Amino acid sequence: MIEAMEGGVAENRKPQRSTQRNEGEGNRTAARQYNEAQRRFVQSGKVEEKAREAEHALKTPEKSVLERAEAVGKSHKRAEDPEITRKP
């Protein structure tokens, strides 16, 4: 509990510790969680349904928003890793 405030800073304030370790670049825990979520989605049987929804979205006014997001994503990949766009 914070007992007194002086100049906007608590006197008895303890530093908060994160329950997550900082794994830095290439976070294995996050990668494992992402991969598991993708496996669960595929096993759920909803892939075809979502593909149809995405195809339908391209026939609506949402198409321009999706195309703009795709262009932004593609521009980032080229800037981050030249090997991605290298021709075989």
Side-chain angles (χ1 to χ4, degrees):
M1 176 180 273
I2 299 174
E3 305 248 341
M5 296 287 284
E6 197 172 293
V9 177
E11 289 180 11
N12 295 337
R13 188 174 189 164
K14 294 181 182 178
Q16 293 181 347
R17 294 184 184 224
S18 174
T19 58
Q20 297 179 344
R21 282 187 18 218
N22 180 356
E23 295 181 35
E25 190 172 343
N27 184 324
R28 292 182 186 145
T29 303
R32 190 170 39 258
Q33 290 170 344
Y34 174 81
N35 290 337
E36 181 57 34
Q38 295 309 303
R39 263 191 292 283
R40 283 193 311 268
F41 174 71
V42 169
Q43 292 171 350
S44 75
K46 295 182 180 180
V47 175
E48 291 298 321
E49 174 190 343
K50 294 298 180 181
R52 282 190 298 276
E53 287 177 15
E55 186 176 20
H56 174 71
L58 291 174
K59 298 174 184 173
T60 67
E62 187 180 8
K63 178 180 179 176
S64 63
V65 173
L66 296 171
E67 288 174 339
R68 191 168 44 249
E70 180 181 26
V72 168
K74 285 182 176 181
S75 70
H76 289 181
K77 77 173 186 180
R78 281 192 294 271
E80 292 171 5
D81 188 355
E83 292 294 315
I84 292 174
T85 55
R86 193 180 80 184
K87 304 235 186 234

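Any value given below was found using the heavy atoms of this structure, including those in side chains, with hydrogens, waters and symmetry copies removed. Please read these numbers as outputs of a predicted model, since none were measured by experiment.
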Requested in this report: Check L58 against L66 and note the closest heavy-atom contact, atom names and distance.
Outcome: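 Result for this residue pair: CD2-CD1, 4.0 Å.
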Requested in this report: Taking all heavy atoms of S75 and all of V72, pick out the closest pair and write down the distance.
Outcome: OG-O, 2.7 Å
Query - Enclosure of E55 CD (heavy-atom neighbours >12, cutoff 6.0 Å) - result: no
**Report entry** Heavy-atom neighbours of Y34 OH exceed 12 at 6.0 Å
**Finding:**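 It does not: Y34 OH has 12 such atoms or fewer within range.
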Query raised in the report: So how far is it from R40 CZ to E36 CD, rounded to the nearest 0.5 Å?
Result: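 CD of E36 is found 5.0 Å from CZ of R40.
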Report task. I would like to know whether H56 and E53 meet side chain to side chain contact (heavy atoms under 4.5 Å, CB included); could you show each step before the answer? Result -> CA-CA 5 Å; H56 174 71; E53 287 177 15; 5.7 Å; no
